Amino acid sequence: MKDFTEYVITIIKAIPDGRVMTYGQIAKVAGKPRAARQVSWILHSMSQKYKLPWHRVINSKGEISLKGSEQKELLEMEGVHFSNLGKVNLDTYLWEPDEEELLHG
DNA sequence: TGAATGACAACCC
DNA sequence: CGGGTTGCCATTC
C-alpha cells in the first residue's frame with residue numbers, strides 16, 4: 001500500500017465521533033494538498049474493503065456528496081447538526097488531527 | 001500510450 | 001451567491 005493511501009486511511013480512522021473532515025483537508029494533511037480527488041477515490045475504493053468512518057468525510061462546502069445515501073443520517077446520529085440547507089457548519093465540526101492523535105492510532 | 005473518469009477544490013464572472 | 005471553467009492526480013479502459 002502506498003504511503004499516501006496508508007496515511008489517508010490512518011487519518012480517516014482517527015476522525016472522532018461528531019466531527020468531520022473535507023477531502024482537501026485530508027489530502028493536505030496526508031502530504032498532497034492537491035490530491036482531494038484521490039481521497040475520494042480511496043474512499044469509494046477502500047471503504048468497501050476496510051471499515052472506515054467514510055461518512056465523516058464531506059466536501060469543502062460542508063455538504064454531503066453522496067445524496068441518497070445514509071451518510072447524513074449517520075452524522076446526525078453522532079451529533080453533527082445540518083442546517084436547513086443540508087450543510088454542516090465547518091467552523092464547528094471540522095476536525096484538524098494532531099500528530100499525537102495519528103501516532104496513537 | 002492517450003483519453004476518459006471521479007464521493008473534489010479554487011477561481012472567475 | 002450561483003453556475004460554469006480549470007486544475008489535480010491516480011486509476012481504468
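Order of the sequence lines fixes the chain letters, A, B, ..., with proteins taken first and strands second; residue numbering starts at 1 for each chain. Source: prediction; values computed, not measured. Because only heavy atoms are used, hydrogens play no part in the values below, and waters and symmetry mates are left out as well, while side chains stay in.
Summarising the geometry, the separation between NZ on A:Lys28 and P on C:dG7 is reported as 22 Å, rounded to the nearest angstrom. Distance A:Ile42 CD1 to C:dC8 C1': 14 Å, rounded to the nearest Å. Look at CD1 on A:Ile9: it is 17 Å from P on B:dA7, rounded to the nearest Å. Nucleotide B:dA7 holds its P atom 5 Å from the NE2 atom of A:His44, rounded to whole Å. The NZ-P distance, from A:Lys61 to B:dC11, rounds to 14 Å in whole Å. In this structure, CZ of A:Arg37 is placed 11 Å from C1' of B:dA4, rounded to the nearest angstrom. One can place CD1 of A:Ile64 at 14 Å from C1' of B:dC8, the figure rounded to the nearest angstrom. With rounding to whole Å, A:Trp54 atom CH2 is found 17 Å from B:dC8 atom C1'.
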Could you walk me through whether A:Val57 and A:Leu52 pass side chain to side chain contact (heavy atoms under 4.5 Å, CB included), step by step? CA-CA 10 Å; A:Val57 184; A:Leu52 302 175; over 6 Å; no
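Atom CZ of residue A:Arg19 and atom CG of residue A:Leu75 lie 12.5 Å apart, to the nearest 0.5 angstrom. To the nearest 0.5 angstrom, A:Met46 atom CE is 6.5 Å from A:Trp41 atom CH2. Between the OH atom of A:Tyr93 and the NE2 atom of A:His81 there is a distance of 6.5 Å, given to the nearest 0.5 Å.
Remark: the A:Tyr23 side chain and the B:dA9 base include no donor-acceptor N/O pair separated by less than 3.5 Å.
Counting heavy atoms from C-beta outward, A:Arg56 and A:Asp17 have side chains that approach closer than 4.5 Å.
Between A:Ile26 and A:Val8, the shortest heavy-atom contact is CG2-CG1, 3.8 Å. For the pair A:Phe4 and A:Ala30, the tightest heavy-atom approach, listed with the atom from each and the gap, is CE1-CB, 3.5 Å.
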Dump every N/O contact between nucleotides 10-13 of chain C and the protein below 3.5 Å, one line per pair.
unit_1, atom_1, unit_2, atom_2, d
C:dA10, OP1, A:Lys32, NZ, 3.2

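Among the heavy atoms of the strands, none lies under 4.0 Å from A:Ser45. Note on A:Arg34: only backbone sugar-phosphate atoms sit closer than 4.0 angstrom, heavy atoms only; bases stay farther off.
Between B:dA9 and A:Ser60, a contact under 4.0 Å exists linking OP1 or OP2 to a side-chain N or O.
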